[in-house]
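First comes the structure, then the notes that go with it.
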4 protein chains.
Amino acid sequence: MSGINKVILVGNLGADPEIRSTQSGDTVATLRIATSETWRDKQTGERMERTEWHRVILWRRLGEIAGQYLRKGSKVYIEGKLQTRKWTDQSGQDRYTTEIQGNELQMLDSRGSGEGDTTERPRESASYNRSTESPRAQAPAQSRAPEPHQDFDDDIPF
Amino acid sequence: MSGINKVILVGNLGADPEIRSTQSGDTVATLRIATSETWRDKQTGERMERTEWHRVILWRRLGEIAGQYLRKGSKVYIEGKLQTRKWTDQSGQDRYTTEIQGNELQMLDSRGSGEGDTTERPRESASYNRSTESPRAQAPAQSRAPEPHQDFDDDIPF
Amino acid sequence: MSGINKVILVGNLGADPEIRSTQSGDTVATLRIATSETWRDKQTGERMERTEWHRVILWRRLGEIAGQYLRKGSKVYIEGKLQTRKWTDQSGQDRYTTEIQGNELQMLDSRGSGEGDTTERPRESASYNRSTESPRAQAPAQSRAPEPHQDFDDDIPF
Amino acid sequence: MSGINKVILVGNLGADPEIRSTQSGDTVATLRIATSETWRDKQTGERMERTEWHRVILWRRLGEIAGQYLRKGSKVYIEGKLQTRKWTDQSGQDRYTTEIQGNELQMLDSRGSGEGDTTERPRESASYNRSTESPRAQAPAQSRAPEPHQDFDDDIPF
DNA sequence: TTTT
DNA sequence: TTTT
């Protein structure tokens, strides 16, 4: 009943988005996003860099936009919330993966997007047209049909 | 050289802060913070709640303030960045834990804090006095058992 | 088609919320929120404080919640966007006022709220009941004198 | 002693940065940044757009970087805090202008910057070299010599 | 006054 | 695995 759980990222995709669909037909995109920070070492004066990798999940309309417009190297602004999910590895052990459930996506490359407001929200039937989904976002996704929210059929989900 | 990696949390501590020190004498506090969201189920009209747990690391002055002023149940505002670190479990397997490296802390309980600006920044020698460190933040920290979810060595707490 | 415009505040109300209604019946609340920062002067070692005042506008359900639960002194988390609007003063001169159009409100006082998720979003007809509006949020709002800093007409409060 | 006052913008410069210097020699840059939001009108289905203009102030090193690397049209990420300052117009009336005092700047154009971490912080004497200031940031600025923090000699400062 |  |  109380709480703020907010993540803001600006970074680049390390790979093309992975697009899947749930059995109920919802698109879900997984992005790997790198954020780098650089600084100069106080002692040596050397320039240092540290890259952090983030796993971002985008559902439905945002996932479709990601599948259509984002590629390896794309620069994006992402807003979302942290979610840690539990899964079981091959040896039966509990494992945890922390992901960012994105609710806002802005493409920052000048190539442009053709898309307007990409904040996630309840779909206004009039303004959203499923036929705009890219084939890429549909076909290969359907054939995997993972469970909603998780239990993706990867061996190494993180 | 590029990137924003920012987390903002408002939530409550699930336990007293764990306080440790590095060999070089730096204080490090680990907080477990819960953020909850509630909503009403569209179908059933039932009130739903989901709690997310976050692991927050506070270094040096912020860690000391946490040790001095925060307790189980304290409500806080935290700002920081995501960091996923790799560790090796007992069976020799690679494991990953995502933490928030906090750089700002605000206590939101009305009891107050006596502290002013708690943004982390390079220490101004004049205004910071190591002797203000609470005893609690120093000695007893070492004697606590490390948290099971980790393989902390007290000398290298992070 | 591009842009992020986000404000995050944690602060206290300097006065009870002002509640009004538009002709179309939408509630609008105006909050005056103070955020303070303190620091120690580098030269004198003196403790300094600076308070900043923010004008926050909350519409519809958020405005009603504000009217019902917030009072002078209440501590809140607000998220919203900046909006500068132009108005004309008595002498016919153009004037500008910058406000925060809030889209998220969290009450941070321990007294609690009884409210769950207060993120603004399209109203789900089932879960929202206009009869929950507080009387305070409706009738007396109209009778209040507009704030001097503005030239509000009660019919067009924004 | 309490409060969060944070602004996050991603937008484009409407004009080249204005660069000045205070009498004490500090560089100060003023940016005009546009953030746009677009949506589709529920009734007409028409695409709508609203642009908001922000006045961003960058001090010292950040101001110098802005003067060197930013131009009209540049896309930037800005983080800062809101500050409303009072000034007096020609007729002696009090006026108020709300600005964002920036403490983080990220250039989002692919042209690159040559700069690393641009978070504002106390200057590390070793790593900061005043001779890196661009001539553009110096010469024209000195001849105006406004007061620190405000009272710029513009007729229309907002 | 920017951008898509 | 990205980017500068």
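Note: hydrogens, waters and symmetry copies are ignored here, and every other heavy atom, side chains too, is used. Quick caveat: nothing in here was measured; it's all calculated off a predicted structure. Proteins come first, then strands; the chains are lettered A, B, ... in the order of their sequence lines, and each starts at number 1.
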Can you measure Asn12(D) atom CG to dT1(E) atom P for me and round it to whole angstrom units? 16 Å

Students often get this wrong, so: under 4.0 angstrom with heavy atoms, is Thr35(D) touching a base, only sugar-phosphate, or nothing? nothing

Measure CG/Asp109(D) against C1'/dT2(E) and give the value in whole Å, please. 11 Å

Output the rounded distance in Å from CZ (Arg55(D)) to P (dT2(E)). 18 Å

Interatomic distance, Tyr96(C) OH vs dT1(E) P [rounded to whole Å]: 13 Å

Starting from P on dT4(F), measure out to CG on Leu108(D) and report it in whole angstrom. 12 Å

Is the shortest distance from a Lys or Arg side-chain nitrogen in Arg85(A) or Glu99(A) to a carboxylate oxygen in the other one below 4.0 Å? yes

Glu79(C): partners by side chain to side chain donor-acceptor pair (under 3.5 Å), with sequence neighbours left out: Lys6(A), Lys6(C), Tyr77(C)

Let me know the distance between NE2 of His54(A) and C1' of dT3(F), rounded to the nearest Å. 13 Å

Between Glu18(A) (CD) and dT1(F) (C1'), how many Å, whole number? 12 Å

Does Lys72(A) have a side-chain nitrogen or oxygen under 4.0 Å from the phosphate oxygens OP1 or OP2 of dT2(F)? yes

For Thr44(D), check side-chain contact (heavy atoms from CB on, under 4.5 Å) against everything at least two apart and list the hits. Asp41(D), Glu46(D)

Side chain of Ala15(A) (C-beta onward), nearest among dT3(E), dT1(F), dT2(F): dT1(F)

Nearest to the side chain of Arg32(A), heavy atoms from C-beta on, is which of dT3(F), dT1(F), dT2(E)? dT1(F)

Would you call Arg20(A) and Glu18(A) a salt bridge, using N to O less than 4.0 angstrom? yes

For Ile65(D) and dT4(F), give me the distance from atom CD1 to atom P, rounded to whole Å. 18 Å

Using a 5.5 Å cut-off between ring centres and planes within 30 degrees, is Trp53(D) stacked on the base of dT1(E)? yes

